[in-house]
Amino acid sequence: MKQNLVSLEFSAAQLEAVDAALAALEKNLAELVTLTAEQRRKALKMGDGSEVFCRQTELVLRQNAGMVPPDFELAEFQQDITTLDALRPRLQRLRALTDRADDTELALGSDILSASLDGYALTKVFGKGTSLDTLKEAMKTRLSRKPRKPASPEA
C-alpha cells in the first residue's frame with residue numbers, strides 16, 4: 001500500500017464502551033428537538049450581535065420586573081439563556097469529536113480505495129487468465145464512471 005493516512009483498530013471493549021456512551025448521550029439529551037426544514041427556514045436566527053442584544057434585554061427586564069406583563073414568560077426566557085450557556089461547551093466538544101470522526105472515516109475510505117486501486121493494478125499485471133476477471137470487470141465499470149476533468153483550453 002502506497003498510502004496509509006490512518007492505521008486504527010477498535011477492540012470489542014472499546015466499541016462497547018463507545019456504544020454505551022452514545023446510549024447515555026441519547027438518553028440524557030432526549031429532550032433535544034428536531035426541526036423540520038420549514039421550521040429552520042422560518043426561525044429567527046440569533047447571531048453574535050443579536051445575542052448581545054438578547055442578553056441585555058434579559059438584564060433590563062430582570063432589573064425592571066414590574067414593567068413585564070404577566071403573559072411575558074420572563075422565567076422561560078431566562079431558562080433558555082441558562083440552557084444555551086450549558087449546552088454550548090458540550091456541543092463544541094461533540095462537534096470537535098464529530099469532525100475527527102469524519103476525518104478518520106474519510107482517511108479510512110481513502111486508504112481502502114488507494115489499496116484497491118493498487119490491488120487492481122496488480123490484477124492487470126499478474127492476474128491474466130485467473131479467477132480475477134470478475135474483479136477486473138467490476139473495477140473497469142467503477143473506474144469508467146469516474147468523472148473526467150475537462151481539458152484545459154489552450155492559450
Original post:
In Å and rounded to the nearest 0.5 Å, what is the CD to CG distance from Gln92 to Leu87?
Top reply: 11.5 Å
Original post:
How long is the span from the CG atom in Leu74 to the CD atom in Gln79, to the nearest 0.5 Å?
Top reply: 11.5 Å
**OP:** Report yes or no: does Arg100 contribute a side-chain atom to a donor-acceptor pair with the main-chain N or O of Ala96 at less than 3.5 Å?
**Re:** no
Original post:
Backbone N or O of Ser110 within a donor-acceptor pair of the Ser114 side chain at under 3.5 Å?
Top reply: no
Original post:
Is there a donor-acceptor pair closer than 3.5 Å between any side-chain N or O of Glu51 and the backbone N or O of Asp48?
Top reply: no
Original post:
Once you round to the nearest 0.5 Å, how far does OG of Ser7 lie from CG of Leu108?
Top reply: 9.0 Å
Original post:
Are the side chains of Met67 and Leu61 in touch, meaning some heavy atoms are under 4.5 Å apart?
Top reply: yes
Subject >> Between CZ on residue Arg62 and CG on residue Asn64, distance to nearest 0.5 Å >> reply: 11.0 Å
**OP:** Give the intermediate values and the outcome of salt bridge (charged side-chain N to carboxylate O under 4.0 Å, His left out) for residues Arg55 and Glu58.
**Re:** CA-CA 5 Å; Arg55 290 179 185 276; Glu58 184 278 328; over 6 Å; no
Subject >> Leu5 reachable from Phe10 in the ILVMFWY side-chain graph, under 4.5 Å edges >> reply: no
**OP:** State yes or no: do Leu35 and Met46 share one hydrophobic cluster built from I, L, V, M, F, W and Y residues joined by side-chain heavy-atom distances below 4.5 Å, directly or via other members?
**Re:** no
**OP:** Could you tell me whether a side-chain N or O of Lys45 sits under 3.5 Å from a main-chain N or O of Arg40, the two making a donor and an acceptor?
**Re:** yes
Original post:
Does CD belonging to Gln78 count more than 12 external heavy atoms closer than 6.0 Å?
Top reply: yes
Original post:
Under the 3.5 angstrom rule, does the side chain of Thr83 hit a backbone N or O of Asp80 as a donor-acceptor pair?
Top reply: no
**OP:** Provide the closest heavy-atom pair for Thr34 versus Gln39 in the form atom of the first, atom of the second, distance.
**Re:** O-OE1, 4.1 Å
Original post:
Any sub-3.5 Å donor-acceptor pair from Asn4's side-chain atoms to Asp111's backbone N or O?
Top reply: no
Original post:
Would you say Leu22 and Leu94 are hydrophobically clustered, going by side-chain heavy atoms of ILVMFWY under 4.5 Å?
Top reply: yes
Subject >> Close side-chain approach of Leu117 and Leu113, heavy atoms under 4.5 Å >> reply: yes
Subject >> Same apolar cluster (I L V M F W Y, side chains within < 4.5 Å links), Leu32/Leu91 >> reply: yes
Original post:
Does any N or O in the side chain of Ser116 come within less than 3.5 Å of the main-chain N or O of Ile112, such that one atom is a donor and the other an acceptor?
Top reply: yes
Subject >> Rounded distance (nearest 0.5 Å) linking atom CZ of Arg88 with atom CZ of Arg95 >> reply: 9.0 Å
Original post:
Hey, is CZ on Phe72 packed in by over 12 heavy atoms from elsewhere, all under 6.0 Å?
Top reply: yes
Original post:
In terms of hydrophobic clusters joined by side-chain contacts under 4.5 Å, are Leu8 and Leu15 together?
Top reply: yes
Original post:
Within the distance-only criterion (no hydrogens, no angle test), does the side chain of Gln63 pair as donor or acceptor with the backbone N or O of Val60 below 3.5 angstrom?
Top reply: no
**OP:** Assess whether atom CD of Glu38 is packed by more than 12 heavy atoms of other residues, nucleotides or ligands within 6.0 Å.
**Re:** yes
Original post:
Between OG1 of Thr98 and CZ of Arg93, what distance do you get to the nearest 0.5 Å?
Top reply: 12.0 Å
